[in-house]
Amino acid sequence: MKFATWNVNSVRARIETVVAWLKETQPDVACFQEIKTTDDTFPRDAFEALGYNCAVHGQKSYNGVAILSKRPLEDVRAGLPEGDGDDHARYLEAQIPTGSGMVRVASIYAPNGNPPGTDRFAYKLNWLERLKRHATELLTYEEPLLLMGDYNIIPMPEDCYDPKAWVNDALYQPESRAAYRKLLNLGLTDAFRACHAEPHRYTFWDYQAGSWQKDHGIRIDHILLSPQAADLLQGSAIDRRVRAWEKPSDHVPIWADLTL
DNA sequence: ATGCCGACAGGATGTCGA
């Protein structure tokens with residue numbers, strides 16, 4: 001099965017691009033972030049016409065996450081635990097039956113957190129702590145699990161074109177990178193890095209300053225696998241070419257192929 | 001040091017993104 005994730009930067013503004021990519025890529029499961037719309041205005045019909053079931057955790061104007069699946073979506077849960085006072089739609093998970101068992105998938109849109117030293121940065125770190133605690137719980141299920149989405153974290157210096165350009169940014173703060181390492185240290189595997197050692201492979205290029213043309217990108221969209229999922233990993237890739245399409249998102253899709 | 005670009009809500013321009 002092919003599992004993909006993509007920060008689409010508004011699913012309604014991007015619907016033609018997203019549909020074209022789905023037709024071409026044919027993922028079994030697709031997680032979207034920054035859908036920027038509520039559940040009632042999510043373009044469900046366009047995806048159902050392609051044979052997908054949809055789970056949506058939307059929000060007006062900002063954030064919003066969704067999961068599309070060719071197989072049924074079960075045990076759908078919206079929001080991380082300990083969500084009192086958190087009205088951002090940033091997390092959605094579902095269980096999906098496979099031929100032989102079950103796989104669990106989460107669509108994740110971690111907070112940006114800029115600028116550092118503000119309550120926005122504190123919210124980012126707190127949200128990542130909540131994600132870690134929830135991941136710890138999910139790992140006790142000992143089932144194939146994919147935590148996929150926009151983590152808004154540049155894990156390593158080689159995951160950006162120039163670390164010096166990011167030292168003051170929330171995406172590259174030591175605390176942010178430590179939060180990502182803590183997730184890996186639970187026993188999760190970075191699917192892309194498990195398949196590719198080469199530096200400078202990016203999933204995001206800013207719309208500004210000719211970032212795409214100069215290949216000034218960052219790798220911030222990640223697929224994390226439980227041990228049971230990592231054992232089934234066949235390949236992973238970044239759909240870089242999508243950034244050159246007309247009216248692109250500033251992020252591109254990334255996918256992992258598992259023998260499920 | 002700052003804007004660059006783009007989506008959104010609303011109906012001008014500020015907020016947010018990363």
Summarise how protein sits on nucleotides 8-14 of chain B as a single string, 5' to 3': B when a protein heavy atom is under 4.0 Å from the base, S for sugar-phosphate-only contact, - for no contact.
SS-----
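The shortest distance between side-chain heavy atoms of A:Val65 and A:Ile35 does not fall below 4.5 Å. Contact of the A:Arg177 side chain with the A:Pro155 side chain is not registered, since no non-hydrogen atoms from C-beta on lie closer than 4.5 Å. By the 4.5 Å heavy-atom criterion applied to side chains, A:Met1 and A:Leu258 are not counted as neighbours. Between A:Thr25 and A:Lys2, the closest side-chain pair of non-hydrogen atoms falls below 4.5 Å. Considering only heavy atoms from C-beta on, A:Glu34 stays 4.5 Å or farther from A:Val11 through its side chain. Inter-residue side-chain proximity for A:Val56 and A:Arg44 is flagged as met; some heavy-atom pair is nearer than 4.5 Å.
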Restricting to nitrogen or oxygen on both sides, can you table the protein-nucleotides 1-3 of chain B pairs closer than 3.5 Å?
none

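Judged purely by distance below 3.5 Å, without hydrogens or angles, the side chains of A:Lys124 and A:Gln173 never pair a donor atom with an acceptor atom.
The pair A:Lys214-A:Asp206 does not count as a salt bridge, with every side-chain nitrogen at least 4.0 angstrom from each carboxylate oxygen. Between A:Glu82 and A:Arg130 there is no salt bridge, since none of the side-chain N atoms of the basic residue sits less than 4.0 Å from a carboxylate O of the acidic one.
For the pair A:Asn63 CG and B:dA7 P, the computed distance is 17 Å after rounding to whole Å. B:dT15 atom P lies 15 Å from atom NE2 of A:His88, rounded to whole Å. Put simply, CD on A:Glu16 is 13 Å from P on B:dA7, counting in whole angstrom units. Look at OH on A:Tyr123: it is 13 Å from P on B:dC16, rounded to the nearest Å. In this structure, OH of A:Tyr109 is placed 4 Å from P of B:dA18, rounded to the nearest angstrom. The separation between A:Arg177 atom CZ and B:dA18 atom P is 19 Å, rounded to whole Å. For the pair A:His216 NE2 and B:dA18 C1', the computed distance is 15 Å after rounding to whole Å. Here B:dC16 presents its C1' atom at 12 Å from CG of A:Asp250, a figure rounded to the nearest Å.
Straight-line distance between the P atoms of B:dG14 and B:dC4: roughly 13 Å, to the nearest whole Å. Rounded to whole Å, the P atom of B:dC16 lies 16 Å from the corresponding atom of B:dG3. Atom name C1', nucleotides B:dT15 and B:dG10: the rounded distance is 13 Å, in whole Å. Spacing of P atoms, B:dG6 relative to B:dA18, comes out at 16 Å, to the nearest Å.
With ring centers used as reference points, A:Trp255 lies 6.0 Å or more from A:Trp6. Between A:Phe42 and A:Phe47, the ring centre distance stays below 6.0 Å.
Taking for each of A:Glu34 and A:Gly210 the nucleotide of DNA chain B with the nearest heavy atom, the 5'-most of the two is the partner of A:Gly210.
Residue A:Lys247 is classed as a sugar-phosphate contact, given heavy-atom separations below 4.0 Å to backbone atoms only. Contacts of A:His251 with the nucleic acid, taken as non-hydrogen atoms under 4.0 Å apart, involve only primed sugar atoms and P, OP1 or OP2.
A:Leu138 belongs to a hydrophobic cluster whose remaining members, ordered by chain and number, are A:Leu80, A:Tyr91, A:Ile108, A:Tyr123, A:Trp127, A:Leu128, A:Leu131, A:Leu139, A:Tyr141, A:Leu145, A:Leu147, A:Tyr151, A:Ile153, A:Tyr180, A:Leu183, A:Leu184, A:Leu186, A:Leu188, A:Leu224; membership requires side-chain heavy atoms of ILVMFWY residues under 4.5 Å apart, directly or through intermediates. The other members of the hydrophobic cluster of A:Leu125, by chain and number, are A:Phe121 (side-chain heavy atoms under 4.5 Å, ILVMFWY only).
Of all the residues in residues 198-207 of chain A, A:Phe204, A:Tyr207 reach under 4.0 Å from DNA chain B with at least one non-hydrogen atom. Only A:Asp150, A:Asn152, A:Leu171, listed by number, bring a heavy atom of residues 149-173 of chain A to less than 4.0 angstrom from any atom of DNA chain B.
In summary, of the residues considered (A:Asn7, A:Asp150, A:Ile223), a side-chain contact (heavy atoms from CB on, under 4.5 Å) with A:Ile254 occurs for A:Ile223 alone.
The aromatic rings of A:Tyr202 and A:His200 lie perpendicular to each other, with more than 60° between the two planes, well past the 30° mark.
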